[in-house]
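Throughout, a chain's letter reflects where its sequence line sits, starting with A, and its residues are numbered from 1.
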Amino acid sequence: MTGENIAVFELNQALNDSVKALGIESIDAEFERPKHEGHGDRAANAAMRLAKTLKSNPRDIAQKISDKLLSIKPDFIEKTEIAGPGFINVFLSGKFYADVITDILRQGKDYGGVNLGRKRKIQVEFVSANPTGPLHIGHGRGAAVGDSVARILEFTGWDVQREYYVNDSGLQITNLGKSTQARYFELLGKKAELPENGYKGAYLYDIAREIINLEGDKFLNVNPDESLDYFKKYTADKIMAGIREDLELFRVKFDKFFPEGYLHENNLVNSAMNELKAKGYAYENDGALWFRTEETIGDDKDRVLIRANGIPTYYASDIAYHRNKFITRNFERVIDVWGADHHGYIARMKAAVKAMGRNPDDFTVLLIQLVNLLRDGQIVTMSTRSGEFITLREVLDEVGVDASRFFFLMRRSDSQLDFDLDLAKKEGSENPVYYVQYAHARISGILREYANRGGTFDTEILNGGIPSAIFDNKDARELADSLSRYPDAVKEASRDLAPQVLTGYVLNLAGIFHSFYNTNRIINEPDESIKAGRISIVKAAKTVIASCLQLLGVNAPERM
RNA sequence: GCGCCUGUAGCUCAGCGGAUAGAGCGUCGGCCUCCGGAGCCGAAGGUCAGGAGUUCGAAUCUCCUCAGGCGCGCCA
């Protein structure tokens, strides 16, 4: 029960008990929020859903359920109405809302932390950018999403491990080493060309310069093949260190950095391939090793695991890596956060998961779509080919961590995102992140002022002392209602791995708070019991906003 | 060619089987003798891309068409 709102739970329970009273098995009847004001505070369509099995008029059924509901929970329900084709519209009482608030204050920061995970092991692997260049804006979005998803899963009772897969071996690192090497030679006046798929970014000049400072020209006259390992390692380590710095600045922490090299050093790729062969999922042809993707997932063709030259493909290492996650480390679920350009790869990885004897549904890929940076309403063009891109660091320096994270999390991750740099910097209600943070700071200011004036928080309120009359006000009711639905928002975000549910929720909540503030005097309220009641509502709102922002990795400032 | 995703108000997007399709921004008009105006209130604005079906009911499910994006390497 932890995390749920007791009042909401009791109300739902009453609905289900009312349905059962008709002599029907439970149908998991639920209340929803009606769109229109006249339709009450909650509505249930249970009667319509039961009409067929009961072979009866939905409005008659609705009447029976409604009567029962009223008799079970008279103190929570002001009145009910049967409307339209058979909706049961419920108008909730002040007592209900008062109970909602007291329960939030009792639970404090645990409120909303519904235990869906039951301590099961889950891994979130994200960012995993190759150490070939600084993190760009797309990685930033992946970092924000992965980190927030991990926070949400932790809050909802999963045993979460955050991991970064470091692609520190393979062709591209060789390319990277050769690129730095070429810049090194170039700076020392020796003619050198970038390799065919070399990295053109200016940062490699910086690294080459560092190497010159450290080692001088000692590599100038030795065979480049002999010094290549040095250039590879120095460059990758240097870039990885920069990536770690950026992540720290972005408030993203990992439990483990898993190097690809570990798989090769421990022969795990070979053993994974042998297992596939033994189970009949892989076969040799034309000197290469192939996975039967055509047969297992209806792919166009089978895919190569080990090239004819003996070098394993990325697919092969990835299979070994995921085998390590699922089998060796025994994660119940594995979540990978990938760039959207990899979506063709999902089915193949699921096939591999199946081949290792695990349910492909235990493996989820979150795709991160493109971010369009906007300045002056224009898209800031980026080109990875030319090596010109906006780095995450540049954006953080310009608009800050809070605004960046909030903006990255405003849309579902698999749809494109317009990131308006000018908007992210504005200090006004047009800027969503300031709007929400301002609500939190405003409440903090009110509570500070309350304390300055000698106000104390009366714990009697926790024993049902919030006067119901407070909720005669529409804004007060709206506010309590929104707060009562926080656990549902958290559950949805956790089940769907969808932080944008929470950005949407907290934006809406902040708006409702601001309206409430404009129509309800708080510390200037002359009636002491009403004042105390309003203080408790405001405290509950602060608790929920702070909780929600924490799940997004955004600060909840006391003043701003 | 095959496959996946998207098309909802001027703009950015919610809603994904239920009652008169919502929000923010932008536009226009209001609100500070009082707790944080980084705020609030109101108005205008829509053949839910188009068409056909499924049903008591479709923006939501199915099929077709159109438009945009992406993916289909012994790349990663």
Side-chain angles (χ1 to χ4, degrees), chain A residues 32 34-36 38-39 43 45 48-49 51-52 58 83-87 89 128 130 132 167 170-173 175 197 260 285-290 298-318 338-348 367 369-370 372 374 377 410-412 414-420 423 426-439 441-450 452-453 455 475 500-501 503-504 507-508 510-511 513-525 531 534-535 538 559-560:
Chain A
E32 55 185 27
K35 287 182 208 152
H36 300 283
H39 295 153
N45 64 356
M48 281 131 75
R49 287 169 57 200
K52 245 174 212 154
F87 287 101
N89 292 338
S128 300
N130 299 330
T132 55
N167 205 273
L171 278 179
Q172 41 154 6
I173 298 295
N175 250 325
N197 290 310
E260 184 194 353
N285 190 30
D286 293 339
L289 184 70
W290 302 73
D299 207 348
D300 305 343
K301 49 174 285 196
D302 289 342
R303 305 289 167 174
V304 171
L305 293 162
I306 311 280
R307 302 179 181 94
N309 64 10
I311 299 173
T313 60
Y314 191 87
Y315 187 30
S317 333
D318 243 356
W338 293 351
D341 52 337
H342 291 71
H343 88 73
Y345 197 66
I346 297 176
R348 265 177 264 168
L367 290 180
Q369 258 293 359
L370 203 83
N372 291 315
L374 299 180
M410 277 199 298
R411 306 273 171 259
R412 41 182 305 143
D414 60 357
S415 67
Q416 289 194 12
L417 171 73
D418 287 337
F419 189 135
D420 188 330
L423 178 61
K426 273 187 194 158
E427 299 189 349
S429 59
E430 322 93 296
N431 183 350
V433 64
Y434 276 95
Y435 186 74
V436 173
Q437 289 185 314
Y438 179 65
R442 200 178 206 186
I443 294 171
S444 306
I446 293 163
L447 295 176
R448 263 197 309 277
E449 181 61 19
Y450 178 65
N452 284 343
R453 295 188 193 178
D475 293 317
Q500 81 278 1
V501 170
T503 44
L507 270 166
N508 182 260
F513 166 74
H514 288 309
S515 297
F516 169 81
Y517 175 82
N518 265 269
T519 49
N520 290 270
R521 276 186 295 182
I522 302 165
I523 55 185
N524 283 342
E525 165 62 43
K531 184 205 284 191
R534 291 201 179 126
I535 288 285
V538 158
R559 35 165 63 93
M560 53 195 284

Contact class for [X] (heavy atom, under 4.0 Å): base, sugar-phosphate, or nothing?
X: A:A43; answer: base
X: A:H514; answer: sugar-phosphate
X: A:G504; answer: nothing
X: A:N89; answer: base

- Name all residues meeting the side-chain contact (heavy atoms from CB on, under 4.5 Å) criterion together with A:N285; count only those two or more places apart in sequence or in a different chain, and write none if there are none.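 A:N285 satisfies side-chain contact (heavy atoms from CB on, under 4.5 Å) with A:Y283, A:W290 once adjacent residues are dropped.
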
- Message: Applying side-chain contact (heavy atoms from CB on, under 4.5 Å), can you list everything that pairs with A:L370, at least two apart in sequence or on another chain?
- Response: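 For A:L370 the side-chain contact (heavy atoms from CB on, under 4.5 Å) partners, ignoring immediate neighbours, are A:N372, A:Q416.
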
- Stacking check: are the rings of A:F87 and B:rA19 less than 5.5 Å apart at their centres and under 30 degrees in tilt?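 Stacked: centres under 5.5 Å apart, planes under 30°.
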
Distance, [atom1] atom - from [M] to [N], rounded to whole angstrom:
N: B:rA9; M: B:rA49; atom1: C1'; answer: 15 Å
N: B:rU62; M: B:rG3; atom1: P; answer: 15 Å
N: B:rC35; M: B:rU8; atom1: C1'; answer: 41 Å
N: B:rA67; M: B:rC75; atom1: P; answer: 35 Å
N: B:rG26; M: B:rU12; atom1: C1'; answer: 11 Å
N: B:rC28; M: B:rA44; atom1: C1'; answer: 8 Å
N: B:rC4; M: B:rG51; atom1: C1'; answer: 23 Å

Please write out each protein N/O paired with an N/O of nucleotides 41-46 of chain B under 3.5 Å, distance rounded to 0.1 Å.
| unit_1 | atom_1 | unit_2 | atom_2 | d |
| --- | --- | --- | --- | --- |
| B:rC41 | OP1 | A:S515 | OG | 2.7 |

Using the 3.5 Å cut-off, write out each protein N or O paired with an N or O of nucleotides 66-68 of chain B and the distance between them.
none

- With a 3.5 Å cut-off and no angle check, do the side chains of A:S515 and A:D475 form a donor-acceptor pair?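 No, because no side-chain N or O of A:S515 sits under 3.5 Å from a partner of the opposite role on A:D475.
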
- Note on the structure: A correct 5'-to-3' footprint of nucleotides 71-76 of chain B, with B, S and - meaning base, sugar-phosphate only and no protein heavy atom under 4.0 Å, is SSSBSB

- Which nucleotides of nucleotides 23-30 of chain B have their base under 4.0 Å from a protein heavy atom (B), which only their sugar-phosphate (S), and which neither (-), written as one string 5' to 3'? --SS----

- Message: Checking understanding here: a glycosidic angle within 90° of 0 is syn, the rest anti, so what is B:rC66?
- Response: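 This nucleotide is in anti.
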
- Message: Can you identify which nucleotide, out of B:rA19, B:rG36, B:rC35, has its nearest atom closest to the A:I522 side chain?
- Response: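 Out of B:rA19, B:rG36, B:rC35, the nucleotide with an atom closest to A:I522's side chain is B:rC35.
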
Quick one: list whatever passes side-chain hydrogen bond (donor to acceptor under 3.5 Å, both in side chains) with [X], sequence neighbours left out.
X: A:D414; result: A:R412
X: A:Y435; result: none
X: A:N130; result: A:Q172

- Task: Please evaluate the base of B:rG36 for a donor-acceptor partner in the side chain of A:R448 within a cut-off of under 3.5 Å?
- Result: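 Counting by modelled atom types and ignoring angles, a donor-acceptor contact under 3.5 Å is found here.
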
- Using the criterion of both pairing distances under 3.5 Å for Watson-Crick and G-U wobble pairs, give all stems of 3 or more consecutive pairs involving RNA chain B.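 RNA chain B forms these stems: B:1-7 with B:66-72, B:10-13 with B:22-25, B:27-31 with B:39-43, B:49-53 with B:61-65.
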
Please tabulate, one pair per line, each protein N/O and nucleotide N/O from nucleotides 7-15 of chain B that are separated by under 3.5 Å, including the distance.
| unit_1 | atom_1 | unit_2 | atom_2 | d |
| --- | --- | --- | --- | --- |
| B:rU12 | O2' | A:R411 | NH2 | 3.0 |
| B:rC13 | OP1 | A:Q416 | O | 3.3 |
| B:rC13 | O2' | A:R411 | NH1 | 3.3 |

- Message: Judged by each residue's nearest nucleotide on RNA chain B, which is more toward the 5′ side, A:M48 or A:A510?
- Response: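 Going by which nucleotide is closer to the 5' end, it is A:M48.
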
- A:Y438: ring pair (Phe, Tyr, Trp, His ring centres under 6.0 Å) partners, not counting sequence neighbours: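 Ring pair (Phe, Tyr, Trp, His ring centres under 6.0 Å) list for A:Y438, sorted by chain: A:H514.
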
- In whole angstrom, give the distance that lies between atom CG of A:N372 and atom P of B:rU6.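 One finds 17 Å between P of B:rU6 and CG of A:N372, rounded.
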
- Message: Nearest whole Å is fine: how far is B:rC34 P from A:I523 CD1?
- Response: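 From A:I523 CD1 to B:rC34 P: 14 Å.
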
- Task: If the plane angle is over 60° it's perpendicular, under 30° parallel, otherwise tilted; pick one for A:F513 and A:Y517.
- Result: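 Geometry flag for A:Y517 against A:F513: tilted rings.
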
- Task: Please report the shortest heavy-atom distance between A:R303 and A:K301, naming the atom on each side.
- Result: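 Closest approach of A:R303 to A:K301: NE-O, 3.6 Å.
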
